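Protein chains get the first letters and strands the later ones, always in sequence-line order, with residue 1 at the start of each. Values in this document were obtained by computation on a predicted structure and should not be read as measured data.
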Number of protein chains: 2
Amino acid sequence: MTPRHLHETEDCRAVSAVLQRVGDKWTVLVVSRLGAGPMRFNELRAAVGGISQKMLTTTLRALERDGFVTRTVFPTIPPRVDYELTDLGRELLVPVQALGDWALKNIDRVEAARMRFDGA
Amino acid sequence: MTPRHLHETEDCRAVSAVLQRVGDKWTVLVVSRLGAGPMRFNELRAAVGGISQKMLTTTLRALERDGFVTRTVFPTIPPRVDYELTDLGRELLVPVQALGDWALKNIDRVEAARMRFDGA
DNA sequence: CTGCATCCACCTTGATACTG
DNA sequence: CAGTATCAAGGTGGATGCAG
């Protein structure tokens with residue numbers, strides 16, 4: 001494919017770093033839900049399902065820090081906070097979903113390999 | 001019918017599962033190294049750099065179980081063990097590197113967002 | 001050379017209680 | 001409603017020693 005080997009190592013580190021960033025328990029699920037449009041905190045929480053308040057807050061803060069989502073506070077009572085994907089967030093979704101598509105297509109082969117391995 | 005929305009949730013779970021699978025500390029680095037061809041245990045360890053013996057063994061076992069690498073033992077003294085990517089392993093590398101390419105292209109935007117967030 | 005077993009420090013996650 | 005604080009529990013990764 002690409003016969004450039006000069007920066008192979010640091011490139012792989014970068015790949016690894018991104019995968020660890022989006023490879024935590026909730027990030028992808030939250031970003032995917034937000035792909036449908038802006039959402040409020042508890043709305044998002046219900047849409048994801050099974051996530052604790054603390055983890056949703058933590059996940060959203062990290063996404064906001066990295067520029068993947070925006071946080072909009074409406075100073076009303078009760079307070080209302082909207083979360084929305086940025087352009088960067090939507091762009092991230094493209095390669096992430098490509099990997100997801102690959103996963104769905106090949107899950108059978110992986111599970112077959114596992115049964116073979118565990119049986120032996 | 002619009003079947004692309006029917007299984008949205010479980011698809012996202014699948015995506016999340018794969019990302020967690022390849023999102024551990026060493027998997028991507030090991031698979032990337034093996035992309036260059038078969039390697040022996042300590043050869044691989046040196047190529048990756050910074051990985052402990054335990055983690056290399058653990059990572060390789062998991063990759064073998066999932067059908068991403070093959071393990072070939074030569075019953076010599078001292079023993080020699082070769083690891084090599086399977087077709088499935090090489091195919092996995094495609095979407096993973098796509099995500100890595102995206103990361104390299106957008107790392108600046110992410111870091112800019114972080115500085116903005118941390119500064120505020 | 002390869003790899004298992006053990007122990008341990010750290011990090012992530014989750015449950016719970018409380019605040020504006 | 002949205003968010004913070006605290007504590008407990010499990011998982012992950014690393015150091016070391018031993019074995020085939």
Worksheet item: Nearest heavy-atom pair of B/R45 and B/I51: which atoms, and what distance?
Response: NE-O, 3.2 Å

Worksheet entry | Shortest side-chain distance from B/P78, nucleotide among D/dG3, C/dC4, C/dC1 | C/dC1

Worksheet entry | A/I77-A/V81 co-clustered via ILVMFWY side chain contacts under 4.5 Å | no

Discussion item. Of the options C/dC1, D/dG13, C/dA17, whose atoms approach the side-chain atoms of A/Q53 most closely?
Written reply: C/dA17

Worksheet entry | Residues in salt bridge (charged side-chain N to carboxylate O under 4.0 Å, His left out) contact with A/R33, at least two apart in sequence or another chain | B/E8

Fill in: Per B/R61 side chain, nearest of listed nucleotides D/dT4, C/dG3, D/dG13
C/dG3

Item to complete: For B/R45 and C/dG3, give me the distance from atom CZ to atom P, rounded to whole Å.
Response: 12 Å

Worksheet item: Is the shortest side-chain N/O distance from B/R71 to OP1 or OP2 of C/dG3 below 4.0 Å?
Response: yes

Practice prompt. Report which part of the nucleic acid A/F74 touches: base, sugar-phosphate, or nothing (heavy-atom distance under 4.0 Å, all strands).
Written response: nothing

Fill in: DNA chain C: 5'-proximal contact among A/P79 and A/I51 (nearest heavy atom)
A/I51

Worksheet item: Cluster question for you: counting only ILVMFWY and a side-chain heavy-atom cut-off of under 4.5 Å, with indirect links fine, are B/V73 and A/F117 together?
Response: no

Worksheet, complete the sentence: In whole angstroms, the gap separating P of D/dA15 from CG of B/L56 amounts to 14 Å

Worksheet item: Of the candidate nucleotides C/dC4, C/dT2, D/dA2, which contains the atom at the shortest distance from the side chain of B/F41?
Response: C/dT2

Worksheet item: For the pair made of CG in A/D82 and P in D/dC1, what is the distance, rounded to whole Å?
Response: 14 Å

Worksheet entry | Verdict with reasoning, B/T72 to B/Y83, per side chain to side chain contact (heavy atoms under 4.5 Å, CB included) | CA-CA 6 Å; B/T72 311; B/Y83 293 92; over 6 Å; no

Item to complete: Please round to the nearest 0.5 Å and tell me the distance separating atom CG of A/L85 and atom CG of A/L34.
Response: 5.0 Å

Worksheet item: Tell me, which of residues 13-20 of chain B have any heavy atom that sits under 4.0 Å from an atom in DNA chain C?
Response: none

Discussion item. I want to check one thing: is the phosphate of D/dG3, taken as OP1 and OP2, less than 4.0 Å away from some side-chain N or O of A/R80?
Written reply: no

Worksheet entry | Options C/dC1, D/dA15, D/dC1, nucleotide nearest the side-chain atoms of A/R40 | D/dC1

Discussion item. Side-chain N or O of B/Y83 versus OP1/OP2 of C/dC1: is the shortest distance under 4.0 Å?
Written reply: no

Fill in: nucleotides 5-12 of chain D: protein proximity per nucleotide (B base, S sugar-phosphate only, - neither; heavy atom, under 4.0 Å)
-BB-----

Discussion item. If I take atom CE in residue B/M39 and atom P in nucleotide C/dC1, what distance separates them, rounded to the nearest angstrom?
Written reply: 15 Å

Response to the item:
A/Q53 meets the side chain to side chain donor-acceptor pair (under 3.5 Å) criterion, sequence neighbours left out, with none

Discussion item. Among residues at least two apart in sequence or on other chains, which ones pass salt bridge (charged side-chain N to carboxylate O under 4.0 Å, His left out) with B/R114?
Written reply: A/D66

Practice prompt. Could you note down all residue pairs passing salt bridge (Lys or Arg N to Asp or Glu O under 4.0 Å) where residues 82-95 of chain A supplies at least one of them, sequence neighbours left out?
Written response: A/R80-A/D82, A/D87-A/R90, A/E91-B/R109

